[in-house]
Each structure stands twice: as C-alpha cells, then as structure tokens.
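Lettering of chains follows the sequences in order, A, B, ..., and the numbering in each one begins at 1. Because only heavy atoms are used, hydrogens play no part in the values below, and waters and symmetry mates are left out as well, while side chains stay in.
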Protein chains: 2
Amino acid sequence: MAYPELKLDNQICFRLYTASRLITQAYTPMLQELGITYPQYLVLMVLWEKSPQPVNDIAKKLVLETNTVTPLIQRMEKAGILTRKKGDSDKRQQIVGLTKKGIEMEEMAHSIIPGGMSESLSACPLQVNDYVRLAGELDSIIETLLRGHHGRPAH
Amino acid sequence: MAYPELKLDNQICFRLYTASRLITQAYTPMLQELGITYPQYLVLMVLWEKSPQPVNDIAKKLVLETNTVTPLIQRMEKAGILTRKKGDSDKRQQIVGLTKKGIEMEEMAHSIIPGGMSESLSACPLQVNDYVRLAGELDSIIETLLRGHHGRPAH
DNA sequence: GCCATTTATGTCGCTTGCGATATAAATTTT
DNA sequence: AAAATTTATATCGCAAGCGACATAAATGGC
C-alpha cells in the first residue's frame with residue numbers, strides 16, 4: 001500500500017455506492033409486486049405529489065437529466081401507468097400525468113413498501129435520530145456537489 | 001399527500017441514490033485523465049492492494065456480481081490495464097493481474113484524486129469526525145442488507 | 001420584426017448492474 | 001468411481017445513467 005489515501009475501505013464514496021445499490025436491491029422484490037423498477041418508483045412518488053407535471057420538473061426533483069427521464073417515462077407510458085401530452089402554453093413541454101392505474105398504485109405501494117423496508121432494516125443498529133442526522137448529512141453532500149456543478153468549465 | 005410515509009424527502013434511500021451518483025460524477029473528470037470509469041477505478045483499487053487475484057475475489061470485495069465484473073474487466077483488458085489467465089490449480093478461475101500500465105496508474109491516481117475530491121467537497125460543512133461516523137453508519141446499513149440477503153427464498 | 005440565444009425534450013452510443021441461464025471444472029455423496 | 005451438487009466464470013437481454021448531439025419552440029436584444 002504505497003498510497004493509503006486510496007484504500008477502498010477509507011472511501012465514503014464506495015460505501016455510498018454500495019449502500020445505494022443494496023437498498024435498491026432491497027426495494028426490488030416489493031417493487032416487482034407493482035411491476036416497476038426503483039427509478040420508476042421515484043417518478044411515481046413525484047407524480048403522486050402532483051400530477052400532471054412536465055418532464056423537466058420531474059427530472060429536476062430527481063436530480064436526473066431529461067435524457068435519463070424521457071426513456072424511463074416512455075416505458076412507464078407503455079405500461080399504462082402514465083400519459084404524455086404536449087403542453088398548451090409551452091409547446092416544447094411534455095406534460096406527464098398519472099393514469100387511473102398510476103393513481104391506484106399509490107395505495108398498493110403504501111401497503112407494501114414502508115413495512116417491507118422497515119423489515120429489511122430492522123436488524124440495523126441505527127436509531128431514528130441516526131437516520132435523521134444521516135439524511136441531513138447526505139443533503140449536505142448533495143448540496144455541495146450540486147453547487148460545485150453549475151455548468152462545467154466556465155468558458 | 002394521502003401517504004406521507006412515501007414522501008420523497010423522507011427517504012434515506014433517495015439521498016443515498018443521489019449522493020452516490022453525484023459523487024461518481026465528481027470523480028468523473030479526474031478519472032477521465034486516467035481514461036477509466038468509476039467502477040473500473042474500484043477494480044484498480046482492489047488490484048493495487050493485491051495483484052493478481054481471481055475475478056471472484058474482486059467481485060466479492062466490491063460486492064458486485066461476477067456478471068458485472070467480467071465485462072468490466074474485459075474492457076480494462078482491452079485497454080491494456082490488466083491481463084487475464086486461467087488459474088493453475090483451479091482451471092475455472094480467471095486470474096486478473098495488473099500490467100505495467102495498470103501499476104503505473106496508481107501513482108497518477110494518487111496525484112489527481114485525493115486532492116480533487118477534497119476540493120470538490122471543501123464547501124461541505126461536514127467535519128472529519130462526521131465522515132468517520134457516516135462511514136460507520138453506512139457500514140451498518142450495508143452489513144444489515146448483506147445479511148438479510150443470504151441466498152434468496154430458502155427452498 | 002428578425003436574429004441570436006436559451007430552454008425543453010429527444011435520440012444515439014456506451015458503460016453499468018443484474019436476473020436468468022449456460023458451461024466447465026471442482027467437490028461431495030453414495 | 002459414477003452421479004449429484006456446488007462453484008467460478010461467462011453470455012444474453014433489459015433498464016438505467018449520462019455525454020454528445022439534434023430539434024423545435026420560446027425568449028431576449030436590437
């Protein structure tokens with residue numbers, strides 16, 4: 001180990017990457033009952049709060065690029081979960097709205113997911129206050145990286 | 001909001017997912033100087049600690065499936081960073097070893113990455129002790145999810 | 001009004017990540 | 001030792017995720 005700074009175990013980044021993947025995997029069997037993936041579930045959470053919404057608003061709330069969200073939404077449209085239509089005032093926009101099926105999935109999600117996730121993490125020694133602090137710290141990291149992001153090399 | 005339990009902001013999961021992506025994005029310009037991606041960098045960190053190693057050991061250390069690691073390693077082989085050869089004692093194994101180029105990349109990584117990452121996060125209000133606790137909490141989550149994982153539905 | 005710029009969305013190509021499945025080699029059972 | 005099982009690796013197909021780029025519509029400047 002010439003360079004201990006690079007050691008895998010010392011990296012927050014690797015743990016974030018791994019924890020993120022494992023949590024997504026923990027969601028997967030529950031989401032399969034709904035017939036969706038985790039990123040699709042995120043889109044649904046945004047739309048359950050407000051529907052309809054343009055693609056751009058959804059992408060911003062999820063901190064994703066539209067070229068990620070567009071195909072995702074197209075797959076969900078094909079699955080009958082939501083609909084897309086051109087905006088009235090702004091014809092560039094695609095307005096995304098839940099279908100009856102998409103609306104009804106909220107109740108199913110509620111009956112499956114919170115219980116399932118708390119079961120998955122029940123053996124975890126962290127307490128509620130730990131999770132609260134953790135969420136705040138992750139927000140700090142996210143905000144810092146988003147701020148440092150603003151438009152590439154200033155040209 | 002019929003079901004506030006599902007609210008996006010309340011979810012640790014979404015923050016992990018977002019923080020992980022943004023940190024990977026912060027690594028990207030530095031890794032591009034080395035001509036690699038973030039998962040490829042993880043493979044290199046494992047090999048810098050010990051080379052050669054079979055595919056399986058690398059996958060286990062990264063908590064990834066071999067069907068993710070195999071193609072990743074094949075791309076790195078094509079890039080001249082590492083080599084693969086059949087195991088002597090166990091002919092099922094593929095033993096992965098760094099090339100001269102792969103070995104030399106450690107020094108380059110050291111000169112670029114720790115400094116770059118600390119700059120990316122310099123505006124973040126978290127202190128060293130916060131990062132240490134954060135790492136431990138992420139480990140708790142990871143361990144919990146790994147334990148609950150052990151081999152699918154017991155059949 | 002007209003042109004330059006910005007914005008909203010989309011396509012393309014590439015790398016991950018993973019479930020399902022295949023294959024060969026090693027190990028265990030009987 | 002022959003058969004059954006396990007293990008190590010790999011291939012395939014699909015969904016993300018994102019950089020690069022394309023297009024159309026809206027906006028701003030003159």
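- No engagement by B:Ser20 is indicated, since no non-hydrogen atom pair under 4.0 Å with the nucleic acid exists.
- Scanning for side chain to side chain contact (heavy atoms under 4.5 Å, CB included) contacts around A:Pro71 gives A:Gln74, A:Arg75, with sequence neighbours left out.
- The side chain of B:Thr28 places no N or O atom within less than 4.0 Å of a non-bridging phosphate oxygen (OP1 or OP2) of D:dG19.
- Judged as a side chain to side chain contact (heavy atoms under 4.5 Å, CB included), and not counting sequence neighbours, the contacts of B:Lys50 are B:Gln53.
- The pair A:Arg133-B:Glu137 meets the salt-bridge criterion, with a side-chain N (NZ, NE, NH1 or NH2) lying under 4.0 Å from an Asp/Glu carboxylate O.
- For A:Tyr38 and D:dA15, the shortest distance from a side-chain N or O to OP1 or OP2 is not below 4.0 Å.
- Residues passing the side chain to side chain contact (heavy atoms under 4.5 Å, CB included) test with A:Glu33 are A:Ile112, sequence neighbours excluded.
- When the side chain to side chain contact (heavy atoms under 4.5 Å, CB included) test is applied to B:Glu104, the partners found at least two apart in sequence or on another chain are B:Lys100.
- Among the protein residues, B:Thr68 comes within range of the nucleic acid bases, having at least one heavy atom under 4.0 Å from a base atom.
- Sequence order on DNA chain C of the closest nucleotides to B:Lys86 and A:Leu22 puts A:Leu22 first from the 5' end.
- Grouping Ile, Leu, Val, Met, Phe, Trp and Tyr by side-chain contacts under 4.5 Å, direct or through others, puts A:Val128 with A:Val132.
- Nearest-nucleotide assignment on DNA chain C puts the 5′-proximal partner with B:Gln40, out of B:Asp88 and B:Gln40.
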>> For a quick check, with a 4.0 angstrom heavy-atom cut-off, what is the B/S/- contact string for nucleotides 1-11 of chain C, read 5' to 3'?
In response: ------BSBBB
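- Going from atom CG of B:Leu62 over to atom P of C:dC18 covers 11 Å, rounded to whole Å.
- What separates CD of A:Glu65 from C1' of D:dA16 is a distance of 13 Å, to the nearest Å.
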